Amino acid sequence: MIKSVCGYCGVGCGLEFEENKLVGDVVYPTNEGKLCSKGVSELISIQTPTRLLRPVFRENLNEEFKTVSWESAINQIATKIAISNKDKVGFYLSGQLLTEDYYIANKLMKGFIGSNNVDTNSRTCMASAVVAYKKALGIDYVPVRMNDVHKANLLILVGANTAEAHVVFHNRIKSAKKDGLKIIVIDPRFTDTAKYADLYLPIKPGSDIDFFNLISKRIIDEDLIDKEFVENHINNFTLLQNKFKRVPSTKLLKRTGLTKEQFEEFWQMYKSNENIITAWTMGINQSVQGVDKNLSIINTHLLTGKIFKEGNGPFSLTGQPNAMGGREVGGLSTMLAVHLGFDSESIKKVNQFWGTKKVSNKVGLTATQMLEANLDVLVICHTDPIYHLPNRNKMEELIKKIPLVVEINAYENSETAKFAHIRLPAAPWGEKEGTQTNLDRTITKQEKLTRVSIDCKPDWEIFQLIAQKLGYLKEFCFSSPKEIFEEYQEMTKLNPHLNIYETSYEELKEKPFVWGEKIRENREFFTPDKKGNLFFVENRVLSEKTSLEFPFILLTGRTRDQWHSGTKTNLPRTLLKHKPLNFCEINSKNAKDLGIKDGDNIRIISKRGQIESVALITDDIKLDTIFIPVSNRKINYLTNDLYDKDSLQPDYNHSAVKIIKL
Ligand SMILES: Nc1nc2c(c(=O)[nH]1)N[C@H]1C(S)=C(S)[C@@H](COP(=O)(O)OP(=O)(O)OC[C@H]3O[C@@H](n4cnc5c(=O)[nH]c(N)nc54)[C@H](O)[C@@H]3O)O[C@H]1N2
Ligand SMILES: Nc1nc2c(c(=O)[nH]1)N[C@H]1C(S)=C(S)[C@@H](COP(=O)(O)OP(=O)(O)OC[C@H]3O[C@@H](n4cnc5c(=O)[nH]c(N)nc54)[C@H](O)[C@@H]3O)O[C@H]1N2
Ligand code: SF4
Ligand SMILES: [Mo]
């Protein structure tokens, strides 16, 4: 029997591999033996006929791919990188990579190629939470653990559909509910999660800042602040108090689309519960004001002192299995390494540690910027940007201009593959090993369960081959993920709050390690004056607006049994039962007005593009709002490319569209 961990979502469930079968690990703390359908089917996914098994190359996009040797492929990539200006090279990574993969790619780009153009799909996922935590707490740190739901009295889930996106965590929420936890769900859709809510609030899309500002205003007006905590540990209280005096409650409430009665019912629950967690995901982060939305939530916890205490806190639920590990390593272009920034002191430390002089103080390009920057080489690993970036027609035009696009993928049927010149076959989950950090700072170990397929290599090895070909033999001579993890651990000592050096690779095989628990025990803020920061934020209504021509707001999101583009989960339904991949939820009144019946083929059109879908008529979605799952691979032909100005996260959830019956 081998113990490992699921490689899909941020819950990070422990599992056991025995006699070719995967079962939940009963002694594992995050899942206590439970797995969802995706976890159970991980091994089936690696046996599909759609695996990419050999390196392939083509001169230009009109040609067919031809199989090439690893040597020739790596040679071409390294040669092109070597002759390009360092600022014209980019690595686009993924929150699904293991920490060791991330570490090598980041070390190569930031330490030796000498540019900070390393970004990740986490930019599209929780960059807004990263920025907000840093602004408010002074550190990119999630101050809540999943088991806190057992100690909380009230859980507010806002813009998060845990029943489909964090399935096993949702089971835990259900079990806490049996023990008395109250649940409030705030979402424009009556989701599967809302079925378990004590109170469901059908908020108008995009109005969450108004809602949380209303809470903060009431907290101040009714003197519910934690005075001692605010006085000693929090900045900007007077400013916030004065600002809120001038904002009328009626205006805030009106914008949320909720009734006075709905808010009062909420308020009574809020006031009468001692321990409160507010958890959120993409309904908050993926917004042109994603950072401000996060801050409006964090404000409520700072005002009431409901943070750094068991059963309390603002809880960003990370989506991908190792987006957190990527953050710790420093895999975003806006940070350096191990949570360090681009100040001269940090650059000096990192140069010294890696034995280089090349670390640049220039912030690198973020996800979409890499496509806009006329790069010479773009290496894409473990993610599918043409599928997932917004305004796809524009992205397709941009990527076509890059002379060398390299895609490292374990499967051959991504959307980005259509725009690649070289594709390299990676060894997926089950064929490799390494570490990952789940959504509550728990570092776990994935194990190799089966032999590596034909010509595939683990992602870290591929980046190491490129580094070696570039001549960095001494700095990139790792023979195993263990060696990489150990170097990375040493590096975390540059930033003492990342106490990752306290565990070891061997120990992680047996039990997970949670970093940063002392921070929470000490109620420590990491701002220069060691105080938490309140921010006055306002809903500036910056998202795309509906019009007579485009009268609907499009929301996009997950279904329980599919993983994004579905390269791993779009299996025959005999192997993995799942909802249809392509449907469009429409409110029954809107459908009636448009003469659309359940099951009708429809076309959805935005200013940027159009796609086809099948109508699913329901009253579980707000009027004038539609929902299409991200398992429809064409989804981003519709979405707009507005970004939050600080986090540069896209505003996926608020595009104006129209619907035509076909
Ligand atoms: N099965 C499955 N699970 C997954 C994934 C997957 O692909 N499949 N992906 C993982 C990843 S990477 C991520 S990031 C997470 C995402 O996890 P979630 O964010 O929980 O999943 P989404 O379906 O995107 O849900 C977002 C919710 O926000 C709501 N929403 C939209 N706009 C607004 C708004 O303005 N205000 C409010 N309050 N709500 C709004 C939507 O209706 C939707 O219910 O899931 C992770 N887990
Ligand atoms: N409209 C809209 N767009 C969105 C979102 C949304 O809610 N709405 N959500 C955004 C978010 S939160 C996210 S996280 C992104 C997700 O978007 P992506 O990251 O593009 O989606 P995935 O399908 O998970 O892509 C992972 C890729 O890695 C490949 N792969 C699997 N295993 C391995 C391996 O071991 N090594 C390598 N090298 N490759 C491997 C898979 O085949 C797949 O092509 O989408 C973003 N885009
Ligand atoms: S809840 Fe997430 S980590 Fe757990 S089995 Fe399902 S996909 Fe895997
Ligand atoms: Mo995500």
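Just so you know, ligand 1 is whichever comes first in the structure, and atom 1 is the first atom listed for that ligand. Heavy atoms only: backbone and side chains are in, while hydrogens, waters and symmetry mates are out. These numbers come from a predicted model, not from an experiment.
At the top of the distance list for atom 1 (N) of ligand 2, counting protein heavy atoms only, stands Asn636 OD1, 2.9 Å. Among protein heavy atoms, the minimum distance from atom 29 (C) of ligand 1 is reached at Asp187 OD2, 3.2 Å. Annotation: atom 20 (O) of ligand 1 to nearest protein heavy atom, Asn161 N, 2.8 Å. Among protein heavy atoms, atom 38 (N) of ligand 1 sits closest to Asp208 OD1, 2.9 Å.
No N or O atom of Tyr387 sits closer than 3.5 Å to an N or O atom of ligand 2. Polar contact with ligand 1: present for Gly206 (N/O pair, distance under 3.5 Å). Backbone and side-chain nitrogen or oxygen atoms of Asp561 are examined, and none is located within less than 3.5 angstrom of a nitrogen or oxygen of ligand 1. Looking at ligand 2, you'll find an N or O of Arg558 within less than 3.5 Å of one of its N or O atoms. For Asn121, a nitrogen or oxygen atom sits less than 3.5 Å from a nitrogen or oxygen atom of ligand 2, counting backbone and side chain alike. Residue Asn409 has at least one nitrogen or oxygen atom sitting less than 3.5 Å from a nitrogen or oxygen atom of ligand 2, judged on distance alone. Residue contacts with ligand 2: Ser414 is placed with no nitrogen or oxygen under 3.5 Å of a nitrogen or oxygen of the ligand (distance criterion only). Note: an N/O pair closer than 3.5 Å links Lys38 and ligand 1 by distance alone. Ligand 1 has no nitrogen or oxygen under 3.5 angstrom from a nitrogen or oxygen of Ser207. The distance criterion of under 3.5 Å between nitrogen or oxygen atoms is met by His564 with respect to ligand 2.
Residue contacts with ligand 2 for Thr383 involve both N, CA, C or O and side-chain atoms from C-beta outward (heavy atoms, distance under 4.0 Å). Of all the heavy atoms of Ala427, the ones lying under 4.0 Å from any atom of ligand 2 belong exclusively to the backbone. Residue-level proximity to ligand 2 for Val630 is carried by the side chain, the only part with a heavy atom below 4.0 angstrom. Residue contacts with ligand 2 for Asp459 involve side-chain atoms from C-beta outward but no N, CA, C or O (heavy atoms, distance under 4.0 Å). Residue-level proximity to ligand 2 for Asn653 is absent, since no heavy atom of it falls below 4.0 angstrom.
Inspection of the Thr366 and Gln369 side chains reveals an N or O donor paired with an N or O acceptor under 3.5 Å. Looking at Asp561 and Ser37, their side chains do bring a donor and an acceptor atom within 3.5 Å of each other. Using modelled atom types and a 3.5 Å distance limit, the side chains of Arg145 and Thr442 yield a donor-acceptor pair. Tyr652 and Ser287 share no donor-acceptor pair across their side chains, judged by distance under 3.5 Å alone.
With hydrogens and angles ignored, the 3.5 Å screen pairs a side-chain donor or acceptor of Asp101 with a backbone N or O of Trp460. A donor-acceptor pair under 3.5 Å links the side-chain atoms of Arg573 to the main chain of His578, judged by distance alone. Distance alone, capped at 3.5 Å, is enough to place a donor-acceptor pair between the Glu100 side chain and the Thr435 backbone.
Of the listed residues (Thr124, Leu424, Asp101), the one carrying the non-hydrogen atom nearest atom 13 (C) of ligand 2 is Thr124. The heavy atom nearest to atom 34 (C) of ligand 1, considering only Gly283, Ser565, Gly319, Cys125, is found in Gly283. Residue Trp563 holds the heavy atom nearest to atom 5 (C) of ligand 1 of all those in Trp563, Tyr652, Phe211. Closest heavy-atom approach to atom 47 (N) of ligand 2 among the candidates Met126, Met282, His388: His388. Residue nearest to atom 41 (C) of ligand 2, selected from Thr567, Thr569, Leu554: Thr567 (by heavy-atom distance). Checking Glu412, Gln562, Lys457, His382 against atom 27 (C) of ligand 2, the nearest heavy atom belongs to His382.
Between Tyr196 and His170, the ring-plane angle classifies as perpendicular under the 30° and 60° cut-offs. Aromatic ring pairs are classed by plane angle as parallel below 30°, tilted from 30° to 60° and perpendicular above 60°; the pair Phe315 and Phe169 is perpendicular. Classification of the Tyr200-Phe190 ring pair by plane angle, with boundaries at 30° and 60°, yields perpendicular. Phe263 and Phe211 have perpendicular rings, their planes meeting at more than 60° on a 0 to 90° scale where under 30° would count as parallel.
Each of the following atoms of ligand 2 lies closer than 4.0 Å to a heavy atom of Lys432: 34 (C), 35 (O). Contact atoms of ligand 1 toward Gln320: 12 (S) (distance under 4.0 Å to a heavy atom of the residue). Applying the 4.0 Å criterion to heavy atoms of Thr559 picks out, from ligand 1, the atoms 1 (N), 2 (C), 8 (N). For ligand 2, the atoms sitting less than 4.0 Å from at least one non-hydrogen atom of Thr556 are 1 (N), 2 (C), 6 (C), 7 (O), 8 (N), numbered in the order shown with element in parentheses. Which parts of ligand 1 touch Ile186 is read off a 4.0 Å heavy-atom cut-off, strictly below it: atoms 38 (N). Within the listing of ligand 1, atoms 30 (N), 33 (C), 37 (C), 39 (N), 40 (C) sit less than 4.0 angstrom from a heavy atom of Pro188. Within ligand 2, counting atoms from 1 as listed, the ones closer than 4.0 Å to a heavy atom of Ile408 are 37 (C), 38 (N), 39 (N). Counting the atoms of ligand 2 from 1 in the order shown, those under 4.0 Å from a heavy atom of Ala426 are 36 (N), 37 (C), 38 (N). Heavy-atom contacts of His654 reach the following atoms of ligand 1: 32 (N), 35 (O) (cutoff under 4.0 Å). Listed by number with element, the atoms of ligand 2 under 4.0 Å from a non-hydrogen atom of Gln286 are 5 (C), 6 (C), 7 (O), 9 (N), 10 (C), 12 (S). If you number the atoms of ligand 1 from 1 as listed, the ones under 4.0 Å from a heavy atom of Arg560 come out as 1 (N). Residue Cys381 has at least one heavy-atom neighbour below 4.0 Å for each of these atoms of ligand 2: 38 (N).
The pair Lys418-Glu407 does not meet the salt-bridge criterion, since no charged nitrogen lies less than 4.0 angstrom from a carboxylate oxygen. Look at Lys634 and Glu415 and you find no salt bridge, because none of the NZ, NE, NH1 or NH2 atoms lies under 4.0 Å from a carboxylate O. Using a cutoff of 4.0 Å between basic side-chain nitrogens and carboxylate oxygens, Lys445 and Glu447 are scored as salt-bridged. The residues Lys38 and Glu42 are annotated as not salt-bridged, no charged nitrogen and carboxylate oxygen being separated by less than 4.0 angstrom.
A heavy-atom distance below 4.5 Å is not found between the side chains of Lys293 and Ile297.
Protein contacts to atom 8 (Fe) of ligand 3 involving N, O or S atoms at a distance below 2.8 Å are Cys6 SG.
Residue contacts with ligand 1 leave out Ile284, since none of its heavy atoms falls under 4.0 Å from the ligand.
Between Thr625 and Asn590, the shortest heavy-atom contact is N-OD1, 4.3 Å.
With rounding to the nearest 0.5 angstrom, the CD1 atom of Ile209 is 4.0 Å from the CD atom of Gln289.
The side-chain hydrogen bond (donor to acceptor under 3.5 Å, both in side chains) check on Gln96 picks up Gln320, Trp563, with sequence neighbours excluded.
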Verify side-chain contact (heavy atoms from CB on, under 4.5 Å) between Leu214 and Leu253, making sure each step is shown before the conclusion.
CA-CA 7 Å; Leu214 189 51; Leu253 183 64; 4.0 Å; yes

